[in-house]
Amino acid sequence: MDQLVGEIGLWFWWIIAGLLLIAEMLMPGFFMLWLAVAAALTAITDMIFHPSWIGEIFTFAAFGLLSILGSWRFVMGSRKLKSDQPFLNQRHAGLVGQSFYLETAITHGKGKIKVDDTLWDVDGPELHEGEQVKVTGTRGLRLTVEKA
């Protein structure tokens, strides 16, 4: 086995890298790209150090693991893009800090405010209808308010 793999060694890893790149082009995602990088780095390591075939496999596994973990950090980091509409699907969070007038009085800790054309359930101290309140937080889809 050492004889067979020893003669294939360097070219074997370049061929694997090429096949993984072709597979990457045929499939969605970026997973095969990082394994192709690992195979290319293994080929370069093979040119410099001439490890045994077992060493080459461990080298490929180590480079594969490092490149996949590194790519995961790169890909996940790029998903934290700033949005021009940060509260698009969390409209209630965008209301914190704003003031509104009570649509219905807060009795037993519960009432309603009107924001644009939407009524929001609120929790807060006992207050009369029409009083101005400030949104201080959210609890699920309920707003927490205090007297402004």
Side-chain angles (χ1 to χ4, degrees), residues 1-103 106 108-125 127 132-148:
M1 185 73 173
D2 279 334
Q3 180 94 14
L4 177 64
V5 176
E7 292 182 22
I8 298 175
L10 172 67
W11 292 108
F12 173 77
W13 293 111
W14 286 118
I15 291 168
I16 292 295
L19 291 174
L20 287 168
L21 283 175
I22 290 169
E24 178 66 38
M25 288 186 270
L26 296 174
M27 296 186 327
F30 289 108
F31 186 73
M32 296 294 178
L33 173 67
W34 307 114
L35 293 178
V37 167
L41 289 173
T42 303
I44 292 169
T45 303
D46 189 31
M47 287 191 310
I48 297 170
F49 298 108
H50 307 292
S52 68
W53 66 275
I54 295 173
E56 289 177 13
I57 290 175
F58 281 119
T59 302
F60 175 70
F63 281 138
L65 183 64
L66 288 174
S67 65
I68 289 169
L69 290 176
S71 70
W72 182 77
R73 183 177 173 109
F74 170 74
V75 169
M76 294 312 269
S78 69
R79 291 187 181 189
K80 296 177 183 172
L81 300 176
K82 296 283 183 185
S83 172
D84 61 339
Q85 298 178 356
F87 300 116
L88 180 63
N89 291 325
Q90 299 175 1
R91 185 173 174 212
H92 58 285
L95 299 175
V96 175
Q98 295 185 33
S99 295
F100 302 98
Y101 293 98
L102 283 173
E103 188 73 18
I106 298 178
H108 305 292
K110 299 187 186 307
K112 292 187 184 291
I113 61 173
K114 188 170 189 174
V115 179
D116 297 328
D117 61 345
T118 305
L119 284 176
W120 288 84
D121 292 324
V122 296
D123 297 328
L127 295 170
Q132 188 173 17
V133 293
K134 181 177 181 181
V135 179
T136 58
T138 63
R139 206 167 13 141
L141 292 178
R142 296 184 67 83
L143 303 174
T144 305
V145 296
E146 64 184 25
K147 186 171 182 168

In Å, rounded to the nearest 0.5 Å, how long is the span from CZ of Phe12 to CD1 of Ile16? 4.0 Å
Under 4.5 Å between any side-chain heavy atoms of Ile113 and Glu103, yes or no? no
CD-CD1 distance between Glu146 and Ile106, expressed to the nearest 0.5 angstrom: 10.5 Å
Give the minimum heavy-atom separation between Pro51 and Asp46, together with the two atoms involved. CD-OD1, 3.6 Å
Name the atoms and distances for all side-chain donor-acceptor pairs under 3.5 Å in residues 22-39, with sequence neighbours left out.
| from | atom 1 | to | atom 2 | distance (Å) |
| --- | --- | --- | --- | --- |
| Glu24 | OE1 | Met32 | N | 2.9 |
| Glu24 | OE1 | Leu33 | N | 2.8 |
| Trp34 | NE1 | Phe30 | O | 3.0 |
| Trp34 | NE1 | Ser71 | OG | 3.3 |

Exactly one of Val135, Leu141, Val115 should register a side-chain contact (heavy atoms from CB on, under 4.5 Å) with His92. Which one does? Leu141
Are any of the side-chain heavy atoms of Leu41 and Leu66 separated by less than 4.5 Å? no
So which heavy atom on Gly97 is nearest to which on Lys134, and how close? O-CE, 3.6 Å
With sequence neighbours excluded, tell me which residues meet side-chain hydrogen bond (donor to acceptor under 3.5 Å, both in side chains) with Asp116. Arg91
Does the side chain of Phe100 reach to within under 4.5 Å of the side chain of Leu95, using non-hydrogen atoms? yes
Thr45 and Phe63: side chain to side chain contact (heavy atoms under 4.5 Å, CB included), yes or no, with the steps? CA-CA 10 Å; Thr45 303; Phe63 281 138; 3.4 Å; yes
Can you check whether Lys110 reaches Asp123 side chain to side chain, under 4.5 Å on heavy atoms? yes
Salt bridge (Lys or Arg N to Asp or Glu O under 4.0 Å) against Lys112, all qualifying residues, sequence neighbours excluded: Asp121
Output for pair (Trp14 CH2, Thr42 OG1), nearest 0.5 Å, gives 10.0 Å
